[in-house]
Amino acid sequence: MAAAAASNLSWLLSCSFSGASASFRSFRGRNYGVASVISRYSTAAAVEEPVKAPVKVNYNQLLINGKFVDAASGKTFPTLDPRSGDVIAHVAEGDAEDINRAVAVARKAFDDGPWPRMTVYERQMILLRFADLLEKHNDEIAALETWNNGKPYEQAAKIEVPMMTRLIRYYAGWADKIHGLTVPADGPHHVQTLHEPIGVAGQIIPWNFPLLMFAWKVGPALACGNTIVLKTAEQTPLSALVVSKLLHEAGLPEGVLNVVSGYGPTAGAALASHMDVDKLAFTGSTSTGKIVLELAAKSNLKPVTLELGGKSPFIICEDADVDKAVELAHFALFFNQGQCCCAGSRTYVHERVYDEFVEKAKARALKRSVGDPFKSGIEQGPQIDSEQFEKILGYIKSGIESGATLETGGDRIGHKGFYVQPTVFSNVKDDMLIAKDEIFGPVQSILKFKDLGDVIRRANNTHYGLAAGVFTQDIDVANTLTRALRVGTVWVNCFDVFDAAIPFGGYKMSGQGREKGIYSLQNYLQVKAVVTPLKNPTWL
């Protein structure tokens, strides 16, 4: 399965167009050629009854000290099916009292429990067993993720759950490779550094990639020997409960991982401001990230890792193969219903190829298959909820009113669920809201540029700095742009390549710190210097 997962990741996430045709022909041994995909978006998604989800909700409580329990208040909240707006289940609504319970348990597990005192090999084996269980339950987990989030099942089952499994195995591999240094000193002293677990980690994950964000945060924290209180997004609380149960089946001691579902102003704020949480990690909007950072500072000055919003430029140079550029730019923006923090949401196209690109981008959007995410061949499901749905439609209206040209789309599909037509705007100007704000939806804004100096200046003229894409056949142009763009990741002739070892994070108001790869371990470790006198040393 690992080889199949790698192939699928290459197909969708690497999206390297040096071999695009072969990638589109092969999708885990099946033929998903472009010609076989639905030829245009339609209202069929809304007028048909949603496909019955092939999974049941078995867990809807809080997970504290290894047990599923009700919220202290007894309250619950509904979690919805984005395909219809219907209630999937009622989930325990945690608040400050539940955060206090979870933190107390996590503190005891760290101070007195076996987890930090296990050999690193034992911790590694628990994580590896967890990965095996994820692989075993791959389809069930993916179905729950699709039901609660609205993303295509094929994306969840063939891309995201295998990627989560890979991430957990990656961090299991790090567990026995974390060590300090021996440092020479100017005098007769033995100096060593210890890399110690930081303690109780508070983690707040978003709704757009619940499982992957779980792995990005829980994986390195556990590999380093910490304990965790995790708050899930109120829109998507279900999948984290299932995989956390599997982690305990793999042998994780009680109290090491605690999961609290609830709302940001109550459970989230309580976690961010808790005096007994040693470190905080948050993924979400920049506006909420500012609040989280302030709460952490005003409490116990806990260090904070933030992975926030973006308005990523995707730059198509004058030497581009337009057909390939259109396909990659389409993927960069529309993947996951456009609900990606790093989406290539400012498509800058050189004036020489601009008109051709716009026509072909419009044609590609019209071919995008939108519908029930449980159906085979569907590229785009519904948006997450009514709030996001209305926000996207509001930005589309703003684009029209500000003078951008609506090439296609611009409206909802049907009257049930949260489906939005794939939308393309041309003649977009930098000062328009659709070119400045993070829309987080299937809305492509195409802007024209004249030369490299022009596009570098405009691409960097934003508060964000998460990612960028560059499409060119000229290595000198690529090198110029990769060094000039003030972002945390630049993808050249590819987009959304999320290998476990590649660090991810932003410049400016797109966040602080890095997740994934070796850099993520630094978020969950303290460095201690230990100095001991040497008596009559043979050497220094």
Side-chain angles (χ1 to χ4, degrees), residues 8 11-17 19-27 30-48 83 150-155 158-159 314 316 320-340 343-345 347 349 353-383 392 396 399 405-414 417-426 428 439 441-446 469 471 494-496:
N8 294 329
W11 176 78
L12 185 55
L13 295 180
S14 297
C15 225
S16 174
F17 281 79
S21 59
S23 296
F24 277 103
R25 285 195 300 270
S26 176
F27 191 39
R30 300 180 184 179
N31 187 349
Y32 288 98
V34 175
S36 70
V37 176
I38 298 173
S39 62
R40 62 185 181 276
Y41 57 75
S42 70
T43 58
V47 299
E48 295 178 2
R83 301 175 300 164
K151 66 181 64 208
Y153 173 74
E154 290 173 348
Q155 174 185 322
K158 297 180 171 73
I159 305 299
F314 187 89
I316 297 163
D321 179 315
V322 174
D323 290 334
K324 292 179 179 179
V326 164
E327 191 63 47
L328 186 56
H330 181 89
F331 169 78
L333 184 283
F334 289 101
F335 175 64
N336 205 53
Q337 293 69 252
Q339 296 170 154
C340 294
S345 53
T347 307
V349 182
V353 295
Y354 185 85
D355 292 341
E356 180 186 359
F357 181 93
V358 168
E359 285 303 311
K360 291 182 175 180
K362 172 183 176 179
R364 177 62 181 91
L366 284 167
K367 291 180 180 178
R368 186 166 183 81
S369 56
V370 184
D372 191 309
F374 280 109
K375 291 185 176 181
S376 179
I378 290 297
E379 295 176 282
Q380 181 178 316
Q383 309 307 131
I392 294 165
I396 292 172
T405 302
L406 179 63
E407 297 287 346
T408 187
D411 204 351
R412 69 179 299 159
I413 297 179
F418 310 124
Y419 295 91
V420 175
Q421 293 175 347
T423 299
V424 176
F425 281 104
S426 64
V428 177
I439 300 174
V443 181
Q444 185 176 33
S445 298
I446 309 176
F471 199 88
C494 59
F495 207 86
D496 280 350

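- Between the side chain of R364 and the backbone N or O of D323 there is no donor-acceptor pair closer than 3.5 Å.
- When atom types are taken as modelled, the side chain of Q421 and the backbone of T408 share no donor-acceptor pair closer than 3.5 angstrom.
- Using a 4.5 Å heavy-atom cutoff, the side chains of F425 and T405 are not in contact.
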Going through the checks in order, is the side-chain contact (heavy atoms from CB on, under 4.5 Å) test met by I316 and Y354? CA-CA 9 Å; I316 297 163; Y354 185 85; over 6 Å; no
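- Using a 4.5 Å heavy-atom cutoff, the side chains of D496 and F335 are in contact.
- A salt bridge does not link K367 to E327: none of the charged side-chain nitrogens sits closer than 4.0 Å to a carboxylate oxygen.
- Between the Q337 side chain and the Q383 main chain, no donor and acceptor come within less than 3.5 Å of each other.
- The nearest pair of heavy atoms linking P382 to G150 is CD-O, 3.3 Å.
- When atom types are taken as modelled, the side chain of Q380 and the backbone of V420 share a donor-acceptor pair closer than 3.5 angstrom.
- Going from atom CZ of R412 over to atom CZ of F418 covers 8.0 Å, rounded to the nearest 0.5 Å.
- Scanning all heavy atoms of the two residues, the minimum distance from V424 to A365 falls at CG2-CB, 3.7 Å.
- I392 is listed as a side-chain neighbour of I439, based on a closest heavy-atom distance under 4.5 Å.
- Put simply, the side chain of D372 does not reach to within 4.5 Å of the side chain of I378, judged on heavy atoms.
- In this structure, V370 and I413 have side chains that are in contact, with non-hydrogen atoms separated by less than 4.5 Å.
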Determine, step by step, whether F314 and L333 satisfy the side-chain contact (heavy atoms from CB on, under 4.5 Å) criterion, reporting the C-alpha distance in whole Å, the side-chain angles of both residues, the deciding distance to 0.1 Å, and the verdict. CA-CA 9 Å; F314 187 89; L333 184 283; over 6 Å; no
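- In this structure, the side chains of Q444 and S426 stay at 4.5 Å or more apart for every pair of heavy atoms.
- Taking every heavy atom of both residues into account, F331 and F495 meet most closely at CE2-O, 3.5 Å.
- Counting heavy atoms from C-beta on, the side chains of Y153 and K158 never come closer than 4.5 Å.
- You'll find the side chain of E379 stays beyond 4.5 Å of the side chain of F334, heavy atoms only.
- Considering all non-hydrogen atoms of both residues, S445 and S345 come closest at CB-O, 3.9 Å.
- In this structure, S369 contributes its side chain and G377 its backbone to a donor-acceptor pair below 3.5 Å.
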